[in-house]
Amino acid sequence: MGRYLIRRLLQFIPVLLGALFLLHYMTVVGIQISGDPVRALFGDNPPPESVLAAMRADYGLDNPCLDRRFDPCVAMFVERLGQYATGDFGIDLRQGRPITEHLGERFPTTMRLALIAVVFETVLGIALGVLAGLRKDRFVDNLVRASTVLLIAFPVFIIGTLIQVYVGVKLGNWIRGQDSMPDWFGQMFTVTYSADYPWLSLILPGLVLGAFSLAAIARLTRTSVIENLRADYVRTAKAKGMPGTRVVGVHTLRNSLIPVVTYIGFDIGNLMAGAVVTEGIFGVPGIGQFVFQGTQNKDAGIVVGTVTILVLVYLIFNLVVDLLYAVLDPRIRYD
Amino acid sequence: MTTEASRPVEQPALGESAENVIEVTDLVKYFPLTRGILFKRTIGQVRAVDGISLQLRRGETLGVVGESGCGKSTFGRLLMGLERPTSGSIRLLGQETSRLNSTELRRMRRNIQIVLQDPYSSLDPRMTVGDIVGEPFDVHADVVPRKGRRKAVQDLLDVVGLNPDHINRYPHQFSGGQRQRIGVARALALKPEVIVCDEPVSALDVSVQAQVVNLFEKLQDEFDLSYIFIAHDLSVVRHIADRVAVMYLGKVVEIGTEKEIYEEPTHPYTQALLSAVPVPDPELRGHRDQIVLEGDVPSPANPPSGCRFRTRCWKAEEICAEQEPPLEERSDSAHPSACHFAKVRDVIHAVE
Amino acid sequence: MSESVIASQRGIDVAALQRVHFDRDAPLLEVDDLHVEFHTRDGTAKAVNGVSFTLHEGETLGILGESGCGKSVTAQAIMGILDIPPARVAGGKILFRGVDLQKMEEKTRRHIRANKIAMIFQDALSALNPVFTVGWQLGEIYRKHTEASRSQAKAKAVELLDLVGIPAAKERVNSFPHQFSGGMRQRVMIAMALALEPDIIIADEPTTALDVTVQAQVMKLLSDLQQDYRMGLILITHDMAVMADVADKICVMYAGNAVEQADVHQIYSRPAHPYSKGLLESIPRVDMKGQELAAIKGLPPVLVDPPPGCPFHPRCTFARERCQEEKPELYDVPGDRRSACFFWEEVISS
Amino acid sequence: MTDPHSLEGILSKGEPGGSEPGPAAKERSRSLTADAIYELVRNPVFWVAGTLVVIVLTMAVVPGLWANQDPNVSAECDIQLAQRSPSWDRPFGYTTQGCSMWGAVVYGTRNSVFVAIAGTAAIAVIAITLGVIAGFYGRWIDSVLSRITDIFFGLPFILGAIILLTILTTRTVWTISAVITVFLWPQMTRIMRGATIATKQRDFVDAARAVGASNFRIIRKHIIPNSLAPVIVIGTINLGQLIAIESTLTFLGIGFQPPTVSWGLLIQAGAGPALGGTTHLLWIPCAFVVIATLSFILLGDVLRDALDPRMR
């Protein structure tokens with residue numbers, strides 16, 4: 001375990017630096033090709049050039065290497081890394097507040113949303129997958145397979161907008177109109193986030209956010225369960241006289257969950273991207289909405305700073321998942 | 001220990017006799033053991049083949065036996081040029097083959113061919129039998145003119161006992177035994193002098209195994225082939241081989257004629273190996289000299305000092321840890337045996 | 001395991017096994033006209049087609065045959081661990097001490113496994129669960145069939161590993177299967193089968209994946225243990241040589257059918273079925289340098305589409321017209337043996 | 001010779017892992033490709049998904065075949081009719097611009113599908129080339145490529161695309177395809193590399209080398225034909241995914257920009273009014289995206305079944 005841990009931690013550093021450099025390089029090349037983002041911020045109505053120049057200087061966009069196409073601007077990258085190390089992820093271009101300050105305010109909301117989504121997708125996804133795997137080619141299996149394919153074909157933003165219109169507005173308005181229904185119940189069928197119901201009004205967006213991964217996890221679990229049920233050691237467990245529930249619950253499930261855990265690590269990235277869309281649609285004042293607004297307003301400062309932090313979070317999460325993977329699979333631990 | 005590994009091994013004086021189609025001297029193959037976080041670096045070596053010297057005579061079948069991990073398959077791959085030796089020399093028909101470039105290697109392969117173990121994975125499932133058996137003709141375009149290739153392939157199928165009309169079939173339409181025949185036909189295409197048979201029957205059912213063994217014997221007579229027959233099944237090797245080399249942890253521990261190895265083994269490992277082979281005769285139960293070895297084979301990455309077998313040997317003494325016994329004829333061993341205490345012991349026949 | 005020990009155990013499940021009245025005078029195991037079918041896309045395959053045999057205490061029964069002949073399916077049917085579907089026991093009885101296992105409730109029958117009949121599989125690496133320590137996997141048997149606590153189970157596991165000759169059992173008990181060598185893993189499998197001192201052990205190709213020297217170690221261990229505990233052993237293998245070393249009597253299977261049943265000496269000296277005879281003649285022997293091997297021509301049939309009449313007739317040198325039309329039953333042959341060949345007299349005397 | 005999984009021993013008729021199978025009963029010669037086609041034509045899902053895919057593709061190439069009102073021609077649209085609901089006359093109603101919704105979605109197909117095809121094609125070319133090189137030659141080339149893909153995997157796709165497209169102000173089918181390619185090549189490359197390594201380890205590669213085949217011949221004749229199946233499957237599924245991704249990016253405001261016609265833009269424009277009740281502005285373009293995505297995914301799924309029976 002120790003060696004695996006060290007190796008994994010050491011591998012983390014180049015991947016971290018590489019991903020940060022990739023982000024940096026993309027930003028730089030984007031600017032080199034499209035012109036500077038300060039100009040873009042103002043659209044057709046630019047302030048005088050002197051104002052723009054001052055802003056550029058403020059945001060560190062006056063570096064001459066930004067005029068040379070495909071120049072990697074390494075010096076700039078090193079400078080940025082130094083800023084990241086001190087917790088400086090830049091400022092938004094309109095208000096000039098540090099990105100980290102914005103994120104600090106928005107973080108709890110997004111955490112709640114993510115928690116709802118993760119619980120929903122893992123619990124239901126694994127349950128459906130196991131059920132389908134155990135009943136391979138029966139009705140339940142066909143139902144799960146068909147519905148998950150359908151779910152995978154729905155991009156998050158489509159589910160989001162459709163649910164908002166049909167569940168949030170149509171069904172929700174009807175429920176909220178019923179006197180017999182308690183007030184909190186109607187809040188579960190929300191159109192937008194409401195600060196008075198910090199959990200309930202996040203349920204609908206949470207389900208939307210988790211929908212795609214739910215389908216993916218269910219399918220993955222199903223395949224994995226079917227594969228493991230065929231494994232020789234499952235037969236051994238039966239031959240040892242273990243009851244059927246134990247054969248499935250202990251001998252099959254533990255092995256089947258190994259690929260699922262890997263997927264969940266990878267899925268954190270999906271969730272982040274999904275949060276941008278979902279929070280945008282449902283007006284949830286979280287980190288995703290922040291990015292959403294940043295893209296709408298063409299505020300490169302917000303987008304670059306926030307995404308950089310999200311990538312860091314993603315990489316750390318993946319590291320944790322990899323370690324969890326080693327806990328689950330001794331073959332990895334003792335290679 | 002590493003330096004000792006390449007010490008010349010005494011052999012019966014045969015010299016550069018034209019009778020030898022293959023002469024192997026001090027052949028060594030180490031595989032690097034790598035570990036790395038970003039990029040791999042070598043932290044050790046697996047000594048798969050560690051100083052082998054032997055000859056294959058024309059028209060002869062040399063059996064190479066040993067347990068899994070002893071390096072016998074690597075040895076076969078080295079002969080074929082599928083692996084490059086770490087050091088040592090292989091002479092095929094008098095020509096040094098261990099340092100050839102790719103063009104020369106291609107020419108060399110007209111003289112030596114291989115039949116692989118797994119009849120399922122050794123044939124490309126996306127090619128027809130005609131394409132598989134004819135592939136050597138595509139590569140060596142001058143062997144058979146383009147027009148004659150189909151006929152040549154059909155002749156080959158006929159030779160190995162397959163229906164020539166099945167030339168357009170795909171491998172999955174054949175059984176394991178038939179697939180192995182396709183592999184033999186491919187090996188025969190270039191009319192080689194030597195065929196390396198790497199466990200050619202161990203994936204087959206008993207009743208089919210005999211068919212393929214018979215085919216090998218028939219072809220040897222017909223085409224004057226010399227075989228290197230690598231197998232873990234000592235009964236099959238006894239049946240087909242004229243001479244036998246026994247391998248343990250990358251080294252040949254004993255070599256001799258089939259009769260010398262089976263009837264008069266002098267190396268303790270050979271004796272243990274032979275005595276462990278069950279005999280299909282219930283009357284012999286309890287009447288055979290059975291040597292049950294203790295423990296497992298040591299790792300080839302970290303072999304014991306001196307004699308590699310000493311950790312499991314009942315005869316081991318201090319000298320075995322200090323001095324590696326050379327493979328040579330000894331006072332109590334009329335054929336080369338790599339044991340300080342080599343002595344004949346018949347283990348395969350009933351003892352009273 | 002003795003009844004008295006079971007009586008000392010608590011729990012609903014164990015009580016179920018106690019209610020069963022085993023006939024101590026009945027043979028250990030009687031398989032009577034067993035049929036197993038597999039439903040496939042290409043049709044129904046009769047994997048086991050009317051197999052019968054009896055096993056007594058301390059006896060070793062060998063089931064011999066090539067791959068796909070139904071020998072493993074027979075074993076799994078006895079254990080009750082066939083995958084249903086696609087498999088289905090289509091007929092026949094499996095009697096343990098006179099009690100029909102087929103009629104037993106599943107929750108009772110599962111206690112038969114490990115307690116009365118245990119099984120050893122061919123490939124120990126895949127038969128052991130890669131994510132649990134061997135100690136855990138051994139201890140599980142005690143924890144789920146007796147009232148042993150976790151620590152007691154672990155102590156038992158160490159004892160077992162010691163019994164099967166695994167050095168430093170105390171430390172190795174915490175290792176995972178992939179950390180053992182092939183031979184050691186097979187010893188773990190044997191330990192697992194022995195855990196509750198069953199009356200019968202079924203060993204399905206226990207040494208096929210092993211090297212000969214290791215095979216010798218494992219077979220020796222297995223037969224020593226069998227004698228110490230006076231268990232019945234069913235050895236399933238394709239290897240006639242391994243069989244000759246341990247079996248008392250043999251059932252030869254071909255394409256789902258038992259084609260010959262006899263004492264081990266009779267089969268090897270005077271086979272009464274052309275298939276057994278062909279098998280014997282086609283194997284080279286390490287103690288003899290033979291002539292050309294007498295291979296059996298052709299290939300075993302596809303089970304979904306077996307030939308009419310005797311399943312062996314297309315490959316048989318004794319075959320006549322009758323063999324193509326009529327399927328021979330298992331005829332009694334003098335010397336308490338049976339052969340499914342019309343011309344067994346001719347085969348024996350040839 | 002061993003008795004593998006007894007079940008397989010019984011069921012198999014010559015597949016790997018099976019036992020000694022019976023004589024090849026079928027006289028006609030069937031390649032694996034022919035087998036795959038045979039499997040496909042028997043599968044009703046193949047026909048449904050295939051038909052939908054053909055419809056989507058023809059809409060992209062010759063939209064005039066399906067609709068007579070081109071929203072790109074302003075004369076065809078009437079702002080007076082904007083947002084009008086479906087009627088017998090116009091079963092799909094009108095867009096926010098007052099164009100025929102049917103015409104808009106049909107003509108909007110091209111951009112979405114073009115991005116998907118261009119992206120998938122570029123990814124496939126890169127993946128096959130790099131995957132084969134890394135998998136076949138191994139050593140330092142493989143190490144370097146693997147580390148580079150690791151870095152790309154450290155960057156979740158949509159997040160990366162958001163950054164790049166926020167800064168890039170010119171967004172045409174080419175830039176969007178390029179951005180998609182930049183972020184998605186590592187996934188497919190890794191798959192191809194894995195398939196190549198798996199194929200390389202099979203004995204027939206050694207056998208080919210033993211008869212003297214050059215590396216180039218081995219790659220061309222043996223490695224690529226035997227490694228392509230997963231790329232074909234994932235590629236087909238990717239076509240569907242890319243349609244979804246393109247519309248997502250457009251919805252976020254960083255894909256196509258008006259006045260281009262595309263599904264994502266139609267949804268973006270329809271989302272607001274739909275909350276007010278004119279739901280056809282939303283669900284009709286949504287249905288197109290979902291059906292197109294679904295048909296490619298289903299096609300990929302049945303291809304997987306046909307190409308690789310073990311994955312079934």
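Worth saying up front: this structure is predicted, and the values here are computed from it rather than measured. In what follows, chains carry the letters A, B, and so on, assigned in the order in which the sequence lines appear, proteins first and then strands, with residues in each chain numbered from 1.
Contacts of A:Leu16 with chain D are absent, with no heavy-atom separation under 4.5 Å from either backbone or side chain. A:Val169 touches chain D through its side chain: at least one heavy atom from C-beta onward sits under 4.5 Å away, while N, CA, C and O do not. Heavy-atom distances place the side chain of A:Tyr166, and not its backbone, under 4.5 Å from chain D. In this structure, chain D has a heavy atom under 4.5 Å from the side chain of A:Tyr314, while its backbone stays farther away. Proximity to chain A is absent for every atom of D:Leu165, based on heavy atoms less than 4.5 angstrom apart. Within the 4.5 angstrom heavy-atom criterion, no atom of A:Val156 approaches chain D. Within the 4.5 angstrom heavy-atom criterion, only side-chain atoms of A:Ile33, from C-beta onward, approach chain D. Residue D:Phe152 touches chain A through both its backbone and its side chain, counting heavy-atom pairs closer than 4.5 Å. Contact of A:Ile31 with chain D is made through backbone and side chain together, with heavy-atom distances under 4.5 Å. Within the 4.5 angstrom heavy-atom criterion, atoms from both the backbone and the side chain of D:Leu294 approach chain A.
The CG atom of D:Asp150 sits 12.5 Å away from atom CZ of A:Phe12, with the distance rounded to the nearest 0.5 Å. Atom CD in A:Gln296 sits 10.0 Å away from atom OG1 in D:Thr166 (nearest 0.5 Å). Atoms CD1 and OG1, from D:Ile163 and A:Thr295 in turn, are 11.5 Å apart once rounded to the nearest 0.5 Å. Remark: A:Asn318 CG to D:Phe153 CZ distance equals 11.0 Å, nearest 0.5 Å. Distance check: D:Ile162 CD1 to A:Phe292 CZ gives 9.5 Å after rounding to the nearest 0.5 Å. Atom CD1 of A:Ile158 sits about 7.0 Å away from atom OG1 of D:Thr248, to the nearest 0.5 Å.
When each of A:Leu162, A:Val29, A:Leu17, A:Ile281 is checked for heavy-atom pairs under 4.5 Å with chain D, A:Leu162 comes out on top. With respect to chain D, the highest number of heavy-atom pairs below 4.5 Å among A:Leu150, A:Val15, A:Val165, A:Val276 belongs to A:Val165. The most heavy-atom pairs under 4.5 Å with chain A, out of D:Ser295, D:Ser247, D:Gly240, come from D:Ser247. Counting heavy-atom pairs closer than 4.5 Å to chain D, the top residue among A:Val149, A:Asn270, A:Ile268 is A:Val149. By number of non-hydrogen pairs under 4.5 angstrom with chain A, the leading residue of D:Leu275, D:Thr293, D:Ile148 is D:Leu275. Each of D:Val179, D:Thr279, D:Ile245 has some count of heavy-atom pairs under 4.5 Å with chain A, and the biggest count is that of D:Thr279. Comparing D:Val182, D:Leu252, D:Ile254 by how many heavy-atom pairs each has under 4.5 Å with chain A, the most go to D:Leu252.
Taking each heavy atom of A:Val311 and D:Pro156 in turn, the nearest pair found is CG2-CD, 4.1 Å. Counting all heavy atoms, side chain and backbone alike, A:Ala300 lies closest to D:Ile167 at CB-CG1, 4.2 Å. Considering every non-hydrogen atom in both A:Ala273 and D:Ile158, the closest pair reads CB-CB, 3.2 Å. The two residues D:Leu164 and A:Met26 have their closest heavy-atom pair at CD1-O, 3.5 Å. Contact record, A:Pro155 with D:Val289: CG-CG1, 4.0 Å, taken as the closest heavy-atom pair. Minimum heavy-atom separation, D:Ala271 to A:Thr161: CB-CG2, 4.0 Å.
Using a 4.5 Å heavy-atom cutoff, the side chains of D:Thr250 and A:Phe157 are not in contact.
A salt bridge is absent between A:Arg145 and D:Asp301: the closest approach of a Lys/Arg side-chain nitrogen to an acidic carboxylate oxygen does not fall below 4.0 angstrom.
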